[in-house]
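Treat the numbers as computed from the prediction; the structure is a model and nothing was measured. Order of listing sets the numbers, starting from 1, for every ligand and every atom in it. Worth knowing before you read on, the calculation uses all heavy atoms, side chains too, and leaves out hydrogens, waters and symmetry mates.
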Amino acid sequence: MDTPASLLYTAAQMRRIDACALAATGLHGFDLMRRAAAAAFAVLERRWPRAQHIVVCCGVGKNGGDGYLLARLARQAGRDVSVIALAAPRDADAQAAAESWQVAGGPVQGFSGTLPAADLYVDALFGIGLDRALDGAAAQLVDALNAAAAPVLALDLPSGLCADTGARLGRCVEATATVSFIGWKRGQHSGAGLDACGDCELATLDLPGSIFEEESAGASLLQWPQLLQVLPPRPRDVHKGRFGHVLAVGGDLGMGGAIRLAGEAALRCGAGLVSIATQAEHVSALLAARPELMVRAVAGQQELDALLQRADVLALGPGLGARSWGHALWHRALASEKTAVLDADALNLLARQPRRFAATTVLTPHPAEAARLLDSDTASIQANRYAAVQAIAERYHATVVLKGAGSLVAAADGAMPVAVCPWGNPAMATAGMGDVLTGAIAALLAQGLSGWDAARLGVAAHARAGDLAAAGGARGLLAGDMFQPLRQVLAGAAHG
Ligand SMILES: NC(=O)C1=CN([C@@H]2O[C@H](COP(=O)(O)OP(=O)(O)OC[C@H]3O[C@@H](n4cnc5c(N)ncnc54)[C@H](O)[C@@H]3O)[C@@H](O)[C@H]2O)[C@H](O)CC1
Ligand SMILES: [K+]
C-alpha cells in the first residue's frame, strides 16, 4: 500500500491537497504556515544546532511567509536572524507573517546584490508557486546563495526547481537540505531535483491522511519491503529449469565484456540457466571467466534459431553494435516474440525501426537512448523525465526504465503510477552498470515476474547493490563489483 510518504505529486495537486487540508481541519492558511515554519525550525535545530547567524531570504508568496515565521522562531530561540526580502509580500498570509516578524522587532532588508555573511541561509523565495525561470533580482539572489560559503536550507523546494519535472528553470538554488511540506513533489526525486534538494526531508504537518484521497498520485517511490514480496521464495525440491533460461545476445567484435556482465548478472540474480550468443572470438574467454555460462559462437540467424528455441527470456543488446551482424540477430530475436529486455544497441536499432511489442518487453534506455527512441534530444528528456518515460512506454507498448539519477519505471499500459527509485549513487555511472541491470531484469523475468515487477525489483536491487558496493568508496566502483551485493540484496527478497 502506498503511503503519503511514498507518493509524489505535482504543484497543482499539492495546491488541491493544501485546500483539502484547510477544509478537512478548519485551519487557515496561516495555521499551516506556522506548522511549516515550526517543522522547518526543528530541522534547522537538528542539523545546525550551532548556527548563530542566520539569513532568511523571503519571496512574495506563501513560501516567503514560511520564511518570516521561521525567522521569528529562530530569533525567539536566541539566534541572530535577519531577513532579506525580494519584495513586499503579495499574499495575505505572507503579509501577516511578515508583520509578525517585524512586530517582534525583526529587521527586513531588500536585496542589495550581496548577502550578509551567515552561518546558515534559508531559501524561502519560491515553492510550488514558481511558474517561470527566475530573472532579475531573484536570479541574482539565487546566484549569491549558491556562491555563499555557508549551507542553505530550502523550504518546500529549492527555488528555481520545477516541482513537476525536476528540471532547473534557469537559475536554481543548490540546497544543502530541503524540508518539504505536506507531500513530496515529483521534481524532488528524479533528475536535477536530487542534487538541487540535497538531503530531502518531508514534514507532513500533522494532517489527516484523508487529504490525499482525492488525488491519484501519478508517481510513487519504490518501497523495498513491498518489492520483497514479488520474488517468490525458492522451494527445496526444485530443478534449475524452474528458474528459467536466459539467452543474452550481443558482444560484437571487441565488446565481449558487455555480454559477459549481462550473462553473469542474470546468473547472480537467480536465472536457472544462462546462454550467451556472441562472436566466436569471445567464447573461450567467456567460458574461462565464467564456466557456468553456456557460450555459443553465432555468425548469423540460423545459429541463433537453435538457441532461441531453448530460451525463455532474451537479454538483447549489450555490446550488440550497429553492424549487420548485430542487426541480423536483433531482427531474428525480436521475431521470436519472446519475453525480452532490450538495452544499448538494441534500443538504438529499435529507434531506427520502431515497433509496438505484443510480448512482455522491458526497455532500459539511458537519457540519450531515450532521446533517440522519441526522436528528441537528451536535454528535453532530462527536462521532463516523467513525461519521457511514459511517452516511450506508450509508443512502444513496453515497460520502460529511464536510467539516471532517480531512475523511473513506467508500465507498458500506463495504468500504474510511475515508479521512482530512491536508491543509487553517482559511482554507478561507470561502464557496464547498464549491462548488469539488463541481466538482472532478464533473470527476474525468467523467474516468472511480470515486466512491471521485474523492472521495478531489478532497478531497486541494482541501485541498492550499488549503494552497498559504493560504501567501500565511490571512486573506482566497477560493474563487476556489483555481483556479490546483488546476491546479498536479493537474498533478502527471496526470503521475505
Ligand atoms: N497553501 C498552503 O496551505 C501552504 C503553503 N505553503 C507554502 O506555500 C508555498 C506556495 O506558495 P505560493 O504563494 O503559491 O507561491 P510561492 O511562494 O511558491 O511563489 C511566490 C510567488 O512568486 C511568483 N513567481 C513565480 N515564479 C516567479 C519567478 N520566476 N520570478 C518572480 N516571481 C515568481 C508567483 O506569483 C508566486 O505567487 C509552498 O511552496 C509552501 O512553501 C506552506 O508551507 C504549507 C501550507
Ligand atoms: K524555497
Which residue holds the protein heavy atom closest to [atom], what is that atom called, and what is the gap in Å?
atom: atom 44 (C) of ligand 1; answer: I182 CD1, 4.2 Å
atom: atom 17 (O) of ligand 1; answer: N63 N, 3.0 Å
atom: atom 3 (O) of ligand 1; answer: L32 CD1, 3.5 Å

Pairwise distance [atom1]([X]) to [atom2]([Y]) - rounded to 0.5 angstrom:
X: L69; Y: F30; atom1: CG; atom2: CZ; answer: 4.5 Å
X: L457; Y: L444; atom1: CG; atom2: CG; answer: 5.0 Å
X: L221; Y: Q223; atom1: CG; atom2: CD; answer: 7.5 Å

Take the angle between the ring planes of F212 and Y9 and call it parallel below 30°, perpendicular above 60°, tilted in between.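 Correct class here is parallel.
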
If you measure every N/O of [X] against every N/O of ligand 1, is any gap under 3.5 Å?
X: G29; value: no
X: F181; value: no
X: K62; value: yes
X: R15; value: no
X: V60; value: no

Looking at ligand 1, would [X] count as a contact under a 4.0 Å heavy-atom criterion?
X: A133; result: yes
X: R90; result: yes
X: L155; result: no
X: R132; result: yes
X: I128; result: yes

Cationic N near anionic O, under 4.0 Å, E45 to R50: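 The answer is no: the pair does not qualify as a salt bridge.
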
Sidechain N-carboxylate O distance under 4.0 Å for K403, D343: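 Result for this pair is yes, salt bridge flagged.
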
Can you sort out which atoms of ligand 1 are near A36, meaning under 4.0 Å from one of its heavy atoms?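 Listed by number with element: 43 (O).
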
Region of L130 that comes within reach of ligand 1 [heavy atoms, distance under 4.0 Å]: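 Answer for L130: both.
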
Proximity of D66 to ligand 1 by residue part, where a heavy atom lies under 4.0 Å: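 Side chain only.
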
Name the option, out of D156, L207, L205, that contains the heavy atom nearest to atom 39 (O) of ligand 1.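 Considering heavy atoms of D156, L207, L205, the nearest to atom 39 (O) of ligand 1 sits in D156.
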
N/O/S of F126 less than 3.4 Å from the K ion (ligand 2)?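 Within the cut-off used here (under 3.4 Å), F126 does place an N, O or S atom near the K ion (ligand 2).
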
Indicate if the distance from the K ion (ligand 2) to the nearest N, O or S atom of P158 falls below 3.4 Å.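 Under 3.4 Å: P158 has no N, O or S contact with the K ion (ligand 2).
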
What angle sits at the K ion (ligand 2) between O of D123 and OG of S159, to 10°?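 The OG/O angle about the K ion (ligand 2) sits at 100°.
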
